[in-house]
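Read through the structure below, which is laid out as structure tokens, and then see the notes.
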Amino acid sequence: MADPKGFLNHGREVAKSRPVDVRLKDWNEVYVPGSLLPIIGKQAGRCMDCGIPFCHNGCPLGNLIPEWNDFAYREDWTAASERLHATNNFPEFTGRLCPAPCESACVLGINQPAVTIKNVEVSIIDKAWEAGDVAPQAPERLSGKTVAVIGSGPAGLAAAQQLTRAGHTVAVYERADRIGGLLRYGIPEFKMEKRHINRRIEQMRAEGTRFRTGIEIGRDLKATDLKKRYDAVVIAAGATTARDLPVPGRELKGVYQAMEYLPLANKVQEGDFVAPPISAEGKHVVVIGGGDTGADCVGTAHRQGAASVTQLEIMPRPGEERNPGQPWPTFPMLYKVTSAHEEGGERVYSVSTTHFEGDEDGNVQWLHLSEVEFIDGRLTPKPGTERKIPAQLVTLAMGFTGTDRENGVVEQFGLELDERGNIARDADFRTNVPGVYVAGDAGRGQSLIVWAIAEGRSAARGVDRFLTGASELPAPIRPTDRSLLV
């Protein structure tokens, strides 16, 4: 145990954010650079090294959290990085983007603020990069087997890195012009600067992974032809089919899916555009959907100079403390104030959009809504609560319904789907087609980045065993595993 009295002597401290008026002028990460290191030793020392560390149950990766907390407390950053990488290929991604179910499951969190596990994690990996401790791990010998990975999000990258290190020749196919999937174009720069992706890609290239951008399997290259070229295929294409809002006026100009809006802002940061083709500048913006993607739209709109930003959520506002129906160590639904919400805007709960109203040129101008309430277990409009709010740009951030069916991958492979519309797989993450595996949201449905990386690592073991007859690669989860919920 790092500090036997750490959790008694020190309270919880988190990373400091830059002032709102400063960070809204740029797209850099919101946190003050270097603000964690002076406090992270004490924060890591709050870890109690529990006999049964429930933080392991909260994280599907099985991160060795008490161990790297101990090393961080002792400032043994090299050992801490080794423990971190033992279970997680990309801790700099999860340390910035994961909502930290490990902290919700922290034993200290029963009656005190939990250990800042996420902040310790990101401190360790940032220190490791700074010290040069993150080096390529090329395989000692090649197996002679080839693997194609469809999709370069966290699941695809994790699977590709594991299989490359196992000695297979791996090529990652990405339909976008750059590697990273939603990490690249769905996550705004102010949440994670893309330099973190770029240096991981360079590490993977040095290890032997090959990348093919601008190629959409199913359209540019038939899935059947891909299967002929490779000994195995991993589908890690995500669940990118966005949930739509079929109400009158949906066809008006100015109503977009979040993933039509967010990538353009990121492309500006990549230097592809001087200004985004879809901009919130000077407009009244409405974001429909109260989750993380909605918050990303809120923060993006603020930086583009929106006149106002309103975020709508159909569900009631969550509480600020655990309710009895979500006991520790489950992941609770709590009222969350992200960095984007700190920057302004209004959040409206228990409302449903009824229709959009436009001008004579077909541009959206107003959003009509009504309040809703639960009656007999169903959300029902409340009579007399109808009203309209100005809306010159609307983004739909209501989640995703499954993997892309329009590009033909499912049909060309002849894949079976489960009852939720995801690609079905067995205990080894294998589909009904021999040699074809699925990892990440394409098989699980929309989920967290830690689940995507865990799926990629687990699917890699299944592929490795298929190609060689045995595997020493870790498999942290099964396809049927789910988050720790009530």
Side-chain angles (χ1 to χ4, degrees), residues 17 20-21 23-24 27 30 97 99 182 186-191 242-247 249-250 252 254-266 276 278-320 332-357 364-374 379 381-382 385-400 446 448:
S17 298
V20 170
D21 60 338
R23 68 189 195 225
L24 285 182
W27 291 80
V30 301
L97 303 176
L182 291 185
I187 301 297
E189 194 83 359
F190 58 82
K191 284 182 67 174
R243 182 174 285 107
D244 213 334
L245 185 63
V247 299
R250 168 65 179 88
L252 291 170
V255 182
Y256 300 98
Q257 289 287 353
M259 291 312 301
E260 294 176 301
Y261 171 63
L262 293 173
L264 297 176
N266 280 3
I278 303 173
S279 176
E281 184 176 4
K283 297 177 181 177
H284 297 289
V285 177
V286 179
V287 179
I288 301 178
D292 286 342
T293 302
D296 293 344
C297 292
V298 170
T300 299
H302 286 319
R303 282 160 179 76
Q304 292 178 344
S308 69
V309 182
T310 304
Q311 187 176 16
L312 307 181
E313 169 58 52
I314 194 170
M315 299 298 291
R317 172 177 162 164
E320 297 187 17
M333 298 299 294
L334 300 176
Y335 180 71
K336 184 168 64 173
V337 179
T338 70
S339 64
H341 297 130
E342 293 172 349
E343 295 159 2
E346 182 181 5
R347 303 166 78 178
V348 184
Y349 290 88
S350 297
V351 293
S352 177
T353 302
T354 59
H355 64 282
F356 301 108
E357 179 184 341
V364 67
Q365 295 295 311
W366 298 92
L367 181 149
H368 292 252
L369 56 82
S370 70
E371 296 179 16
V372 295
E373 59 184 344
F374 277 103
L379 284 169
K382 295 173 64 175
T385 62
E386 298 83 3
R387 59 190 173 97
K388 68 178 183 179
I389 59 176
Q392 295 160 334
L393 173 64
V394 178
T395 61
L396 308 180
M398 303 181 298
F400 302 88
Q446 183 183 359
L448 304 179

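From a predicted model like this one, the values you see are computed outputs, not experimental measurements.
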query = Which value, rounded to the nearest 0.5 Å, describes the distance between Thr353 atom OG1 and Ile288 atom CD1?
reply = 3.5 Å
query = For residues 256-266, which residue pairs qualify under side-chain hydrogen bond (donor to acceptor under 3.5 Å, both in side chains), counting only residues two or more places apart or in two chains?
reply = Tyr261-Gln304
message = Test of understanding: with side chain to side chain contact (heavy atoms under 4.5 Å, CB included), list the residues that count as partners of Pro316, not counting sequence neighbours.
response = Ser350, Phe374
remark   = Residues at least two apart in sequence or cross-chain that pass salt bridge (Lys or Arg N to Asp or Glu O under 4.0 Å) with Arg250, listed by chain then number, are Asp244
ask   = Which residues satisfy the side chain to side chain contact (heavy atoms under 4.5 Å, CB included) test with Leu182, sequence neighbours excluded?
value = Met259
note = Residues pairing under salt bridge (Lys or Arg N to Asp or Glu O under 4.0 Å) where one sits in residues 342-356, two or more places apart or in two chains, turn out to be Arg23-Glu342, Arg23-Glu343, Arg303-Glu343
Side chain to side chain contact (heavy atoms under 4.5 Å, CB included) against Glu189, all qualifying residues, sequence neighbours excluded = Trp27, Glu193, Lys194, Gln269
query = Under the side chain to side chain contact (heavy atoms under 4.5 Å, CB included) test, which residues partner Thr338, sequence neighbours left out?
reply = Ala295, Lys336, Ala340, His341
inquiry  = Among residues at least two apart in sequence or on other chains, which ones pass side-chain hydrogen bond (donor to acceptor under 3.5 Å, both in side chains) with His302?
reply    = none
Partner set under salt bridge (Lys or Arg N to Asp or Glu O under 4.0 Å) for Arg317, not counting sequence neighbours = Glu320
task = Give, for atom OG1 of Thr293 and atom CG of Leu262, the distance between the pair rounded to the nearest 0.5 Å.
result = 7.5 Å
Quick one: side chains of residues 386-393, donor-acceptor pairs under 3.5 Å with protein atoms, not counting sequence neighbours, listed by atom name and distance.
{"residue": "Glu386", "atom": "OE1", "partner": "Gly384", "partner atom": "N", "Å": "3.3"}
{"residue": "Gln392", "atom": "OE1", "partner": "His284", "partner atom": "N", "Å": "3.1"}

ask   = For Pro188 and Thr300, which heavy atoms make the closest approach, and how far apart are they?
value = CG-OG1, 3.9 Å
message = According to salt bridge (Lys or Arg N to Asp or Glu O under 4.0 Å), who are the partners of Lys283, at least two apart in sequence or on a separate chain?
response = none
inquiry  = Please find the pair of heavy atoms, one from Glu357 and one from Leu252, that lie closest to each other, and give the distance.
reply    = C-CD1, 3.7 Å
